[in-house]
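Report on the following structure.
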Amino acid sequence: MKFKTLHLLFIFPKKPVWALVLGFLICAQAYSAESLSIRPQEIPDTCNADLAQIRVTVHGIEPRGVLNVELYDDPEHFLFKKGRKRKVRTPAEEGSQQVCINLEQPGTYAVAAYHDLDGNRKLKRQWNLLPREPFGLSNNPEQHMGFPKFSDSAFTATGLGADIVINLKQP
C-alpha cells in the first residue's frame, strides 16, 4: 500500500505548484505556436527548378522565430510595404533555408530577408532605423550609411527565375 501511495504522489503531487508549472508550460507552448501563425498568402511556394520562381537560400538562421523573405520590383519603394510584390514567412530552422516565390513574369527584382526572432511580425529597429534583428539583401551588399538602394540588391530573373543567396548579418 505504501508503494501505491508513493507512486501516486509522483503522478499527482500534493502541492499545486507542479500543476501551475505544467499549466504554464502548456500555455507558453500554445502561445508560441500561435504567435508564429503564418497567413495563407504568406506560405512560400514549393521549390521547383523547372518553374519561373525566385529561389532564395538564406544562411545564418537560428532555430526560433520566423524567417521573412520579401520580393520587390519597384526601385522607388524598395523596402517599403507599398513596393513589396510578395512577402513569405516560414518557421525558422537552424543554419540555412531555401524559400521559393513563383514569378508572374521575368524582370528586375530585389529580395530582403530578416529573421523575426520573436515572431511578432515586426522588424525590430535601432534608434537610427537599422535592424536589430538579423537582416540581409540579395547580392549581399556592404552596409553603408543611409538606406539601402534597390540598385545594390537588384538582379534579373529570366524565364526560369533566379537563384539568390542571402547571408544574414547580425546587428
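Along the sequence shown, residues are numbered consecutively beginning with 1.
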Taking the hydrophobic residues Ile, Leu, Val, Met, Phe, Trp and Tyr, and joining any pair whose side-chain heavy atoms are under 4.5 Å apart, which ones share a cluster with [X]?
X    : value
I38  : I43
F155 : I54, V56, V58, I61, L67, V69, L71, V88, V99, I101, L103, Y109, V111, I164, I166, L168
L160 : none

Mind jotting down which residue pairs meet the disulfide bond (SG atoms under 2.5 Å apart) criterion with at least one end in [range]? Sequence neighbours excluded, please.
range            : answer
residues 53-104  : C47-C100
residues 131-171 : none
residues 130-171 : none
residues 142-171 : none

### Task
Could you tell me whether E104 atom CD has more than 12 heavy atoms of other residues or ligands within 6.0 Å of it?
no
#### Entry: P63 backbone acceptor or donor facing E93 side chain under 3.5 Å
no
### Message
If we ignore hydrogens and angles and just use 3.5 Å, is the side chain of Q105 paired with the main-chain N or O of G159 as donor and acceptor?
### Response
no
### Task
Specify the closest pair of heavy atoms between K87 and Y114, including all atoms of both residues, with the distance to one decimal.
NZ-OH, 4.0 Å
### Query
Got a sec, which pairs hit side chain to side chain donor-acceptor pair (under 3.5 Å) with one end in residues 64-78, sequence neighbours left out?
E62-R64, N68-R89, E70-Y72, E70-R84, D74-H77
### Task
Output every pair passing side chain to side chain donor-acceptor pair (under 3.5 Å) with a member in residues 49-61, not counting sequence neighbours, ordered by first then second residue.
Q53-N102, R55-D163, H59-S96
### Task
State, with a plain yes or no, whether a side-chain heavy atom of Q170 is found less than 4.5 Å away from one of H115.
no
### Task
List for me each residue that meets salt bridge (Lys or Arg N to Asp or Glu O under 4.0 Å) alongside E94, sequence neighbours excluded, and say none if there are none.
none
### Partner set under side-chain hydrogen bond (donor to acceptor under 3.5 Å, both in side chains) for K124, not counting sequence neighbours
D118
Side-chain donor-acceptor contacts of residues 145-154 below 3.5 Å, not counting sequence neighbours, with atom names and distances?
| unit_1 | atom_1 | unit_2 | atom_2 | d |
| --- | --- | --- | --- | --- |
| S153 | OG | S138 | O | 3.3 |

